[in-house]
Amino acid sequence: MTVMTYIGAIGAAQQEAMAADSRVVIIGEDVEANVYGTTGGSKTRAEQGDFVQQFGRNRIRNTPISEEAIVGAAIGAAMTGLRPIVDLSYSSFMYMAMDQFVNQAAKNRYMFGGQSSIPVVFRSAMFYGLNTGAHHSDRPYPMFMGVPGLKIMAPASASDAKGLLRTAIDSDDPVLSFEAVLLWGSKEEVQDGEFRIPFGVARVRREGADVTLVAISGCVPMAMKAAEEMEARGVSVEVIDPRTLVPLDTQAIVRSVMKTGRLVIVEPAHKMCGAAAEISAVVVEEAFHALRAPIKRVATANMQIPFSPALEAQLYPTKEKIVTAIEVVCADQLNSVRRTV
Amino acid sequence: MTVMTYIGAIGAAQQEAMAADSRVVIIGEDVEANVYGTTGGSKTRAEQGDFVQQFGRNRIRNTPISEEAIVGAAIGAAMTGLRPIVDLSYSSFMYMAMDQFVNQAAKNRYMFGGQSSIPVVFRSAMFYGLNTGAHHSDRPYPMFMGVPGLKIMAPASASDAKGLLRTAIDSDDPVLSFEAVLLWGSKEEVQDGEFRIPFGVARVRREGADVTLVAISGCVPMAMKAAEEMEARGVSVEVIDPRTLVPLDTQAIVRSVMKTGRLVIVEPAHKMCGAAAEISAVVVEEAFHALRAPIKRVATANMQIPFSPALEAQLYPTKEKIVTAIEVVCADQLNSVRRTV
Amino acid sequence: MDSGWTLPEETLLEMQRRMLRIRLFDERASKMVKRGYIPGTVHTSIGQEAQVVGACMALVAGDKITGNHRSHGHPIGMGSPLGPLMAELVGKATGVCKGKGGSLHLADYAVGSLGESGITASSIPIAMGAGLSAKVLGEDRIAMAFFGDGAANQGVLYESMNMASAWKLPVIFLCENNHYALSTPSHTVTGGRISDRGHGFGMPGIRVENGQDLIAVYDAVATAAARARSGEGPSLIEVMTYRFREHSEGLRINVDYRDAAEKEYWTSRDPIALFRAALIERGFATEDDMLAMEAQIAADVDACEKFAMESPDPAPEVAFQDLYSEAYTLEGVL
Amino acid sequence: MDSGWTLPEETLLEMQRRMLRIRLFDERASKMVKRGYIPGTVHTSIGQEAQVVGACMALVAGDKITGNHRSHGHPIGMGSPLGPLMAELVGKATGVCKGKGGSLHLADYAVGSLGESGITASSIPIAMGAGLSAKVLGEDRIAMAFFGDGAANQGVLYESMNMASAWKLPVIFLCENNHYALSTPSHTVTGGRISDRGHGFGMPGIRVENGQDLIAVYDAVATAAARARSGEGPSLIEVMTYRFREHSEGLRINVDYRDAAEKEYWTSRDPIALFRAALIERGFATEDDMLAMEAQIAADVDACEKFAMESPDPAPEVAFQDLYSEAYTLEGVL
Ligand SMILES: Cc1ncc(C[n+]2csc(CCOP(=O)(O)OP(=O)(O)O)c2C)c(N)n1
Ligand SMILES: Cc1ncc(C[n+]2csc(CCOP(=O)(O)OP(=O)(O)O)c2C)c(N)n1
Ligand SMILES: [Mg+2]
Ligand SMILES: [Mg+2]
């Protein structure tokens, strides 16, 4: 076991994959100079760990600022023998390449009757909550969940980031990786050597009996804190991180709700048509009779993101908002607790 | 009252708006030759009703095939005095301009503290179910519902199309109009003269007591048929068409479910993260205690669209699938009916 | 570069064969649309055969192409057998894409056809990416993107040209300028000349003024192909040609957007008739050879229709396959 | 076109004033980022003042501009007062965008600034659209889009240039070529020369080799502006310049991607020092005039910081305003 940061784990996974398979290349803006911190052991060229030194400019490629062509080129290269990792830096830039994601990456294998294989990973980071304003704060993964043919990972810890990214690079299908900048520095014990974590298997971060709390990406740590706080108040919270959104481990969530009878979902995306809406709808369809309270969604307000520190934070999920939601769905529970005290 | 087709109503609304306000212009690919049937009374240039004849090439503009620039130009023109209607023909082409929709149309007023006004309408038609294959069959409105700052209309009848489009053209905010090609020929009595239908007000297409059936766009007619069929079997179905998805008239839906205790939602989009997921999640949050059965979604399978007539139809909602869903949520009801028979 | 006329006789005859295959296949497809055998629509390459075949024949086995909605000519030009193509247009299980692609989305990986795209210009960066993989893996192959004069106004073309130029990728950007994008005359929506756009992106921009002359097209593309193979990078080629039929079969536009004189000028320059005459005149073939070839291909096209019509429909469950490499069921697929 | 040197003295002095305002504003903003007064990051135009002001001063009241992340110079160049700009950077209620935009998204409609864009190249078609509205409405105004050498590889630029050219719109595409896109040298990711890309789209492509010379920039833009106003259509101008500081304040890149000699070459060509000397040499101002001007602007910048720091934060509910024209609450906003 080694303690790694979330961003360090991503860099390590890329380094392992590059070393293991010469068909793996990294293309993106400013990847040579390691501007975003995942293409070098450190940021100094001289130092051991620098990807350009290790793998050369044939496999570590600085691109022009041309997201649509970058994504298209990676798809075309994947269809013809490479296994590219594309670093798109900010998730907010993905819109530039939307046609390539939807009409080429997601559709080609299907449209062409299985003739094409498209082993490519598109990495981007969600930079919300950092006063970067409306153009750099998006969390757009739900719009890609509605595009069949794409796989989507959204890791919330170092080991998940490392293990899922290796699985993504091994996959013969296009994978979108949505990473949380708020978690870049978060540390976790990561098993030594190479390992993979399968897609479609949720991680139960915490077992509990009274309410199921599904948390996505950057919302997982605050969900854990909220769970601890409620524990102290006599409410046992089960925290589940789906880790991948496509495929989505609905069975694990439904199983948990069958046990707890209550569900709160917290995610960084806008509330409207988000992953929480999908999860809520699935649970109502499949676990209705087990439900003992309304399902609560804690998500980002349906607003654009303002720049001012005086304005931004209030739009996002917080531990307090999660606690409030749990209090609502566990009202009877809490009353009975109060009575027993 | 005049009987109009759905597509005729759209053309009529555009003609009225162009005649009423010289700032209204239509730009898009092949609008001069009226290839898509909404920029001319008929398709012959000579004939009365041709838009180029009436309004001239300064206001009816054939564009290059450059969706991103078309959409951006319309936004910029709207910010500086025009009120453009953009004809994007197929909804499947909207991805080309995703950045302009999300980062400019939806954000500018907000980011700039209210300095900009963006009166522009983006029309596109959903061509699914016509064996046009995966590149021409998308129904992507849910991904835009998650983008605050856009308004979205999805009319299901001639009068709604006409009245909502006039409201859209009057709006100082960007509006996306998703039209259903399957409804182009459908006829309805439309009130004479100019009229507007407000956004955010659902239309109750049919009153009922036992189950609420929310139907969107091309799914409304089959929902009406399913309702009639169930009526005959003793189940009274209330059919609600939201007509606009942003703003969404959740109050009308919640009110209806409070009455019926049951909900089925039918829409043409993919099931994953669709409008039905959002509606289901809202109802569970706000009408949980009135719910007497699981909420059922009838949507398009999470698959890309195959070309072959032998394959395509099975992916979409049908009257039969709606009936089956109603049978599930109204099981007790139907049994009691059977008993009484 | 020697002219294409120095190619082996058999190659020259194969060029004529491929043009004829495209012509007769598309004429048949048009009829089958009218008869309702082919659902949706098709876009024929009738009139543009020299532009298509001249380009494809300048490639070799292993090279890759991508195309657009005017889609049948490209795989046929690369040597794709007709039966599975026609079966695809009809939507049969024996279709080259199992009936899941249809006319707009043909692909035949066996001949290097990576896929036609119903979305204008969307396949251009795919071809560029095929050039990237060749360069990174050190494989001796090139890639060519076919697109129209209308698609030439999509920004992704210039992003792709720029990246291919900066990275010296073995790519050819081939613009099929048939003077119209649907009902829109190219000159009314295009600033400058498409071929002039190569220079600013650091590559040759060649215009083939007579795209009805197969050898003229071949020579231009062969030169660009040699440049690509030698590591000098991409080229942009604009071939001036004309579609003899309406934009798509079944489409009726009641405005005369193409004037009669122009139509007359171009239709009198039938690429197949021109090359046929040249082959005979230069002694590569006799009138009888040509008649035999034409009869043979007419028979092939009859056979491909028969194959398509007699093939079974795909089984319903095929609609739920090939979305991903492993077959796992997405929640709520049904 | 007469050279900018024939402009009235007051105009020439105003040019120097605006360059100084940009320089001192950006130097102050840089300090305020370090001190933590300005959240997020800022991109300074230090070193590029001649390129910005030379372009802006060739416009007249009513003209529109759009810009990019290197955003302060553009509104200041158009004459925007400094207080509300600095307040915006700090995120105050008195900010030009009510604190909702921040450095990357400045806009000041009072001076024709339609908005800077944090998304590279995304604002280019917006400017083109402003040209479209001028043409359709018959209003005598033009629009200019500022973008960098990196943004020049985004396809939307070429779509916008093509449409502006086909429709002869009064638009100027102004490329600020400071030789780098973040850490990426322009020549490593750019095929050909950006200014050479104008021709293929039917417009002049002018390169201003010495973008540190304000009058050289002014003359080029004034010529393009005259062309636009006279209905002849758009122009592409590439101004060669250099940013004296890192890509953005606070960013640390541990690879030396700019070599020392190059840095030295450019920093020795400070546009403000150059124009200052020229103004004195040509007798438009004395050393004392310049000192007074510099003192005045230093005072203005002190005042704008004071204004920003002393202004109130926006009220929380402001975050829920301005999404739409009418204030209706979206379901589930909170
Ligand atoms: C992104 C996109 N926009 C619009 C269309 C609709 N469309 C299909 S073909 C066509 C004209 C294409 O013209 P061109 O590229 O010249 O090819 P041609 O049909 O002339 O061979 C248009 C506008 C599309 N398929 N994709
Ligand atoms: C679509 C998009 N891609 C990438 C970025 C990240 N980014 C911000 S500035 C920048 C470099 C821009 O270079 P250039 O256009 O030359 O402007 P400069 O910073 O040199 O003035 C990059 C890559 C972005 N903001 N938007
Ligand atoms: Mg064409
Ligand atoms: Mg630059």
Side-chain angles (χ1 to χ4, degrees), chain A residues 67-68 92-103 106-111 133-135 138 140 142-149 246 248 265 269-289 291 293-297 301-307, chain B residues 67-68 92-103 106-111 133-135 138 140 142-149 246 248 265 269-289 291 293-297 301-307:
Chain A
E67 284 78 11
E68 194 172 5
S92 299
F93 308 154
M94 297 176 77
Y95 308 115
M96 314 294 287
M98 200 69 187
D99 173 65
Q100 291 297 315
F101 286 122
V102 177
N103 283 320
K107 293 177 181 176
N108 281 357
R109 175 186 291 271
Y110 187 85
M111 281 198 309
H135 275 176
D138 283 3
M143 56 168 74
F144 295 93
M145 291 174 70
V147 181
V246 180
L248 181 62
I265 311 157
H270 288 129
K271 188 173 187 180
M272 177 85 80
C273 290
E278 176 65 24
I279 292 168
S280 172
V282 168
V283 168
V284 171
E285 240 160 319
E286 301 184 11
F288 178 75
H289 298 292
L291 275 177
I295 295 170
K296 281 274 166 202
R297 290 181 287 167
N302 293 325
M303 271 290 145
Q304 290 300 343
I305 304 301
F307 162 73
Chain B
E67 284 78 10
E68 193 172 5
S92 297
F93 308 153
M94 297 175 76
Y95 309 115
M96 313 295 286
M98 201 69 188
D99 173 65
Q100 291 297 316
F101 287 121
V102 177
N103 283 320
K107 293 177 181 177
N108 281 358
R109 175 186 291 269
Y110 187 85
M111 281 199 306
H135 275 176
D138 284 1
M143 55 168 75
F144 295 93
M145 291 174 68
V147 181
V246 179
L248 181 62
I265 310 155
H270 287 129
K271 188 173 187 180
M272 178 84 81
C273 291
E278 177 64 25
I279 291 167
S280 172
V282 168
V283 168
V284 171
E285 240 160 320
E286 301 183 11
F288 178 75
H289 298 292
L291 276 177
I295 295 170
K296 281 273 167 203
R297 291 181 286 167
N302 293 325
M303 272 290 147
Q304 290 300 344
I305 304 302
F307 162 73

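Order of the sequence lines sets the chain letters (A, B, ...), proteins ahead of strands, with each chain counted from 1.
In this structure, no portion of A:Ala269 lies under 4.5 Å from any heavy atom of chain B. At a 4.5 Å heavy-atom cutoff, the contact between B:Met96 and chain A is made by backbone and side-chain atoms alike. Heavy atoms closer than 4.5 Å to chain A are found nowhere in B:Glu67, neither backbone nor side chain. Neither the backbone nor the side chain of B:Ala97 comes within less than 4.5 Å of any heavy atom in chain A. At a 4.5 Å heavy-atom cutoff, the contact between A:Tyr95 and chain B is made by backbone and side-chain atoms alike. Interface residue A:Met145: backbone and side-chain heavy atoms are both found under 4.5 Å from chain B. Contacts between B:Leu291 and chain A at a heavy-atom distance below 4.5 Å involve backbone atoms as well as side-chain atoms. Contacts between A:Gln100 and chain B at a heavy-atom distance below 4.5 Å are absent for every atom of the residue.
Comparing A:Ala276, A:Ala134, A:Gly274 by heavy-atom pairs within less than 4.5 Å of chain B, the highest count is held by A:Ala134. The greatest number of non-hydrogen atom pairs below 4.5 Å with chain B, out of A:Ser280, A:Pro306, A:Cys273, is found for A:Cys273. Your options are B:Met143, B:His270, B:Glu285, and the one with the most heavy-atom pairs under 4.5 Å with chain A is B:Glu285. Counting heavy-atom pairs closer than 4.5 Å to chain A, the top residue among B:Gly146, B:Ala106, B:Pro142 is B:Gly146. When B:Pro140, B:Ala293, B:Pro294 are compared by the number of non-hydrogen pairs under 4.5 Å with chain A, B:Pro294 comes out ahead. Considering only heavy-atom pairs separated by less than 4.5 Å from chain B, the leading option among A:Lys107, A:Met94, A:His289 is A:Lys107.
Proximity of B:Asp99 to A:Glu68: side-chain heavy atoms (C-beta onward) are nowhere separated by under 4.5 Å. With contacts defined as side-chain heavy-atom distances shorter than 4.5 Å, the pair A:Arg297/B:Val282 qualifies. For the pair B:Met272 and A:Val246, the minimum side-chain heavy-atom distance is below 4.5 Å.
Of the inter-residue distances, the one linking B:Arg109 atom CZ with A:Gln304 atom CD reads 13.0 Å to the nearest 0.5 angstrom.
Closest approach of B:Ala277 and A:Ala281 over heavy atoms only: CA-CB, 4.0 Å. Shown here for A:Lys271 and B:Glu278, the closest heavy-atom pair between the two residues is O-OE1, 3.4 Å. Residues B:Asn103 and A:Ser92 approach most closely at ND2-O, 3.8 Å, considering heavy atoms. Listed here is the closest heavy atom pair of A:Ile295 and B:Val284: N-CG1, 3.6 Å.
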